Amino acid sequence: MRNSRPILLLEDDNVDAMTIQRAMNEIKVSNPLVHVANGEDGLIYLHKSDNEKPCLIMLDLNMPKMNGLEFLKIIKSNAEFRQIPVIVLTTSQQEQDKLESFKLSVAGYIVKPTDYKKFVEAVKTLDLYWTLSESPVNMN
Amino acid sequence: MRNSKPILLLEDDTVDAMTVKRALKDLQVLNPLVRASNGEEGLEYLRDTNNPKPCVILLDLNMPKMNGMEFLKVIKADERLKKIPAIVLTTSRDDQERIRGFQLNVAGYIIKPVDYTKFVEAVRIVHLYWTLSEMPDTDEECKNEKFQANSAS
């Protein structure tokens with residue numbers, strides 16, 4: 001990643017969250033991974049001023065309480081949070097989910113590969129791209 | 001890229017546009033490159049329903065007539081165009097511009113490397129990422145309209 005700020009992961013499945021952490025360790029991405037289990041907890045994290053703002057948000061779509069698209073709608077209408085790039089990380093291949101996500105200006109939509117090696121490869125590409133790209137650092 | 005739709009490049013500098021084309025060719029990226037030399041031309045392309053919608057927009061910032069930020073504001077307020085990922089490709093290291101770009105929800109903000117080999121590497125990463133990432137069906141509205149026309153008849 002371009003900087004050392006945390007990556008905020010919204011994922012209700014603990015095993016999936018652990019897989020992401022493991023893949024990040026494997027390719028030596030040292031940004032801390034902040035894991036929350038749904039949109040509501042994601043908003044709580046972002047609103048708490050003591051918490052460091054993330055450089056990137058990785059977002060699962062199907063989650064209880066507040067799902068990914070609901071969360072996206074809220075942060076993209078918030079002047080402070082809208083600048084954080086959001087990447088959808090999901091198992092959903094539904095055209096409607098893709099369309100809704102891109103209409104809410106996600107910066108990527110990745111269908112989670114089930115194979116671990118392919119998953120690591122995906123995280124590697126993600127890291128390459130967000131190291132090449134600048135990030136909106138001035139987020140206080 | 002994920003699909004074979006064109007890449008729309010907004011770039012006023014002909015040499016820079018040729019460099020992008022050359023890099024895509026070197027990397028064997030088969031998507032056609034459509035070039036517009038400012039925001040106005042870009043909008044004209046996007047609003048002509050005869051043109052296929054691009055899979056991504058590569059956007060320079062400093063352009064005459066309508067610059068990159070102005071163009072971004074317009075497409076991000078347009079229901080039909082806001083879903084197309086726009087990636088800034090610029091020489092500007094201005095902090096304010098970068099922040100404004102992300103506030104307008106760019107899907108990447110890349111400072112053009114001057115060195116050609118590094119530039120090709122940057123384009124390779126952009127290509128890799130947008131092959132991994134799904135893309136919205138940008139011509140979806142047209143299809144819906146056709147579908148509605150069909151079911152009405």
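Letters A, B, ... are given to chains in the order of the sequence lines, protein chains preceding strands, and every chain is numbered from 1. Quick caveat: nothing in here was measured; it's all calculated off a predicted structure. Values below: all heavy atoms of this structure, side chains included; hydrogens, waters and symmetry mates excluded.
- The backbone N or O of A/Y109 sits less than 3.5 Å from a side-chain atom of B/S133, completing a donor-acceptor pair.
- Heavy atoms closer than 4.5 Å to chain B are found in the side chain of A/Q93, but not in its backbone.
- Taking all atoms of both residues into account, the shortest heavy-atom contact from B/R2 to B/L132 is NH1-O, 3.2 Å.
- There is no contact between B/I84 and chain A, counting heavy-atom distances below 4.5 Å.
- Linking Ile, Leu, Val, Met, Phe, Trp and Tyr residues whenever their side-chain heavy atoms come within less than 4.5 Å leaves A/I84 and A/I44 in two separate clusters.
- Test B/L10, B/I110, B/V123, B/V20 against B/L58 for side chain to side chain contact (heavy atoms under 4.5 Å, CB included) and you get one pass: B/V20.
- Figure legend: cation-pi geometry between A/R22 and A/F119 absent, as NZ or CZ is not positioned both under 6.0 Å from the six-membered ring centre and within 45° of its axis.
- Options B/L128, B/T131, B/L104 differ in how many heavy-atom pairs under 4.5 Å they form with chain A, and the most are formed by B/L128.
- Contact check for A/I75 versus A/I57: side-chain heavy atoms found under the 4.5 Å cut-off.
- Among A/L104, A/V106, A/L128, the residue making the largest number of heavy-atom pairs under 4.5 Å with chain B is A/L128.
- Heavy atoms of A/E95 lying under 4.5 Å from chain B belong exclusively to its side chain.
- For A/L126, the parts lying under 4.5 angstrom from a heavy atom of chain B are both the backbone and the side chain.
- In this structure, chain A has heavy atoms under 4.5 Å from both the backbone and the side chain of B/V126.
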